[in-house]
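Heads up: the structure comes next, in structure tokens.
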Amino acid sequence: MSEELANHYRSIYSPSELEEIWRTLEVQIHPFTQVITLEDKVVRRLDEPAKRFLAHKFMSHVMQSVMFVCDGTSTPGGTNNKRWFLGPPKFFTAGGGMVIKVNGGDAFWAFPSEARIQTATVPMPILPPTNSQVRVPRPPNAYILYRKERHTLVKSANPDITNNEISQILGRAWNMESKEVRDHYKEMAEDVKRALLEKHPDYQYRPRRPNEKRKRSRRSTRSRDDANSHSPRNGNIADTSTGDEMEAI
DNA sequence: GAGAATGAAAA
DNA sequence: TTTTCATTCTC
């Protein structure tokens, strides 16, 4: 990945040289490091691709876009005491400026008007999501596969039918199917699940709890009764018949 | 986003 | 035991 990254940025430095520069900065990184410092002489030698390379490396730590900032002061005598910082923009542009203390070093006041922003924010490159970032959909169960396979068939035979009606029809059909047919779809579901786990060994079903983000309405008593009147299912929801089972989002 | 079905899986 | 979420697509 690193070499690939360095090649991608096409710096005047070789990939190994870029890695070497990064290693000198990497020592500053601890779990809570948000900003790192760079010596002016180092930064002056960097070309833009090299800066992007370093920014990219640091981004993978802070998981945010980062930018180079220079506090840009030179003493009257010409002594260069410029300091460079690399970190997320919020650390440099917070209203009224803010104190940044890097790894126990001197505090640095970064006023938006004073700190010279040397390079534009380096946006997070769009990289293919890692396996852990991919949202893996839940494997379908036997009925879902059965419904999926027959959905188009039912729809073409009854063009005006609604999806809810298709679900009702196929729900009844499913309950009337022979054991062989149901077993066939059960095996298919197991195959799909096996393939999913092979591709994503860490996959685990993680349903959100009712207080997380959105609540789904519980299956209404009436709809369940309707279904039961045609094809009873082993309902596992207590039939409270309160009529107020619909929950707001 | 709800709804209509079923069922696996988590809490 | 209860809830979510896989599928599909209309409202």
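Residue numbers start from 1 in every chain, and the chains themselves are labelled A, B, ... in the order their sequence lines are given, proteins ahead of strands. Only heavy atoms go into these numbers, but all of them, side chains included; no hydrogens, no water, no symmetry mates.
- For Lys193(A) and dT6(B), the NZ to P distance is 21 Å, given to the nearest whole Å.
- Atom CE in Met188(A) sits roughly 15 Å away from atom P in dG7(B) (whole-Å rounding).
- Using a 30° and 60° split on the angle between ring planes, Phe58(A) and Trp22(A) fall in the tilted class, from 30° to 60°.
- The CG-C1' distance, from Leu170(A) to dC9(C), rounds to 13 Å in whole Å.
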Inset, instruction - Let me see the working for Asp191(A) and Arg194(A) under salt bridge (Lys or Arg N to Asp or Glu O under 4.0 Å), right down to the final yes or no. - result: CA-CA 5 Å; Asp191(A) 286 343; Arg194(A) 250 195 303 278; 2.5 Å; yes

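- Side-chain proximity of Gln204(A) to dA10(B), dG7(B), dA6(C): nearest is dA10(B).
- For Gln204(A), the side-chain hydrogen bond (donor to acceptor under 3.5 Å, both in side chains) partners are Arg206(A), not counting sequence neighbours.
- Rounded to a whole Å, the CZ atom of Arg206(A) is 15 Å from the C1' atom of dC5(C).
- Here dA9(B) presents its C1' atom at 13 Å from CG of Leu196(A), a figure rounded to the nearest Å.
- Here the nucleotide nearest the side chain of Arg135(A), chosen from dT6(B), dA6(C), dC5(C), is dA6(C).
- Here the C1' atom of nucleotide dA10(B) and the OH atom of Tyr203(A) are 10 Å apart, to the nearest Å.
- The shortest side-chain heavy-atom distance between Gln28(A) and Val35(A) does not fall under the 4.5 Å cut-off.
- Nucleotide dT7(C) holds its P atom 11 Å from the CZ atom of Arg147(A), rounded to whole Å.
- Of the candidate nucleotides dA4(B), dA10(B), dG7(B), dG7(B) has the atom nearest to the side chain of Arg182(A).
- Contacts classified as ring-ring contact (aromatic ring centres under 6.0 Å, His included) and involving residues 176-195 of chain A (residues at least two apart or in different chains) are given here: Tyr146(A)-Tyr185(A).
- Counting only heavy atoms from C-beta on, Arg208(A) has its side chain closest to dC5(C) among dT7(C), dC5(C), dG7(B).
- In the region residues 148-167 of chain A, proximity to DNA chain C at under 4.0 angstrom, judged on heavy atoms, holds for Lys148(A), His151(A), Asn163(A).
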Inset, instruction - Begin from the C-alpha positions of Glu20(A) and Arg23(A) and carry the test salt bridge (Lys or Arg N to Asp or Glu O under 4.0 Å) through to its verdict. - result: CA-CA 5 Å; Glu20(A) 184 54 40; Arg23(A) 269 195 290 279; 2.9 Å; yes

Inset, instruction - Show the numbers, then the answer: is there a salt bridge (Lys or Arg N to Asp or Glu O under 4.0 Å) between Lys193(A) and Glu190(A)? - result: CA-CA 5 Å; Lys193(A) 188 183 164 192; Glu190(A) 281 163 10; over 6 Å; no

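- Put simply, CD1 on Ile144(A) is 5 Å from C1' on dT7(C), counting in whole angstrom units.
- Distances from the side chain of Asn175(A) to the nucleotides dA5(B), dA6(C), dT6(B) place dT6(B) closest.
- Contact annotation for Pro137(A): backbone-only contact, meaning every heavy-atom pair under 4.0 Å involves sugar-phosphate atoms and none involves a base.
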